[in-house]
Novice: 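Mind having a look at this structure? Questions to follow.
Residue numbers count from 1 along this sequence. Only heavy atoms go into these numbers, but all of them, side chains included; no hydrogens, no water, no symmetry mates.
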Amino acid sequence: MDFEPITRPLTDAEARVEAERIITQSFQPETPVRHFPTSFRDPTEPPAYGDTPPVHQDDKRIVPAWAAGIAVASIGVGAGITGIGCGAWLVLQGLASVTLYGVLMVTLPLAGLAMVATAIGGAVSKARSVSKTVYEGPVTQNTQINNTSHQRGMFSRTRNDVR
């Protein structure tokens, strides 16, 4: 093959001859094409057991340990959140079918406990507030009412002093 640079342009006849040469050279195989089989099947049966010891295989992990830990933790968190979501769904489904009788039946024991606690608290309060002091002697009560009224003009005031 001539790799010398051409310094002048080719004529039409020279260009046609050169093109035919390149085409015939490109589409002619230099070596014959050989076909190779793409698969192989071994018809012999593998042994059921053998005396060959196991071969040690080196640990070649692709994922670092911290990334695997984060992945496992995220799976656990996802499963936990899914459980919480299912529980919330069940609670909300139960609340969606609430009736007045259902609310009364649920709150009735709570109201009874609150009433008993209030009664016990009131009894304890009364028991503590009993005064054991006994007063003896005469009691004098004086009531004096002074009514002063000054009504002049648009604004007036009445004052009642009770002593």
Side-chain angles (χ1 to χ4, degrees), residues 22-23 26-163:
I22 292 173
I23 290 172
S26 297
F27 288 107
Q28 265 187 350
E30 294 177 11
T31 59
V33 177
R34 295 179 13 182
H35 296 284
F36 296 102
T38 57
S39 65
F40 173 74
R41 183 177 299 252
D42 187 7
T44 59
E45 287 289 325
Y49 61 91
D51 58 352
T52 305
V55 178
H56 176 72
Q57 297 177 357
D58 292 333
D59 188 12
K60 296 178 182 174
R61 295 185 182 170
I62 298 172
V63 178
W66 61 268
I70 289 176
V72 170
S74 65
I75 290 171
V77 168
I81 292 297
T82 302
I84 291 172
C86 289
W89 182 79
L90 287 173
V91 167
L92 294 175
Q93 284 292 330
L95 289 176
S97 62
V98 170
T99 62
L100 177 62
Y101 295 122
V103 171
L104 290 176
M105 294 312 276
V106 169
T107 57
L108 190 63
L110 299 175
L113 287 174
M115 189 172 59
V116 168
T118 304
I120 291 172
V124 168
S125 174
K126 290 277 187 183
R128 286 186 179 176
S129 68
V130 171
S131 175
K132 297 182 180 178
T133 308
V134 177
Y135 296 103
E136 295 177 3
V139 175
T140 306
Q141 181 176 1
N142 294 327
T143 302
Q144 181 181 7
I145 298 175
N146 292 332
N147 188 352
T148 341
S149 179
H150 301 288
Q151 296 181 356
R152 293 184 203 136
M154 191 164 77
F155 299 103
S156 63
R157 179 173 69 156
T158 300
R159 187 174 194 174
N160 292 327
D161 293 330
V162 178
R163 294 182 196 187

Novice: Just verifying a value: how many Å separate I70 CD1 and I75 CD1, rounded to the nearest 0.5 Å?
Specialist: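 Those atoms lie 12.5 Å apart.
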
Novice: Residues two or more places apart in sequence or in another chain: which of them pass side-chain hydrogen bond (donor to acceptor under 3.5 Å, both in side chains) with T44?
Specialist: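 With neighbours one apart ignored, the set is D42.
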
Novice: Could I get the full list of side chain to side chain contact (heavy atoms under 4.5 Å, CB included) partners for A114, not counting sequence neighbours?
Specialist: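 Partners of A114 by the side chain to side chain contact (heavy atoms under 4.5 Å, CB included) criterion come out as none, since no residue qualifies.
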
Novice: Mind checking whether K126 and V124 have side chains closer than 4.5 Å, heavy atoms only?
Specialist: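 A side-chain contact under 4.5 Å is absent here.
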
Novice: Spell out, as yes or no, whether a donor-acceptor pair under 3.5 Å connects the side chain of T82 to the backbone of G78.
Specialist: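 Side chain of T82 to backbone of G78: a pair is present.
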
Novice: Determine all donor-acceptor pairs shorter than 3.5 Å in which one atom belongs to a side chain in residues 83-110; sequence neighbours excluded.
Specialist:
unit_1 : atom_1 : unit_2 : atom_2 : d
S97    : OG     : G94    : O      : 3.1
T99    : OG1    : G102   : N      : 3.2
T107   : OG1    : V103   : O      : 2.8

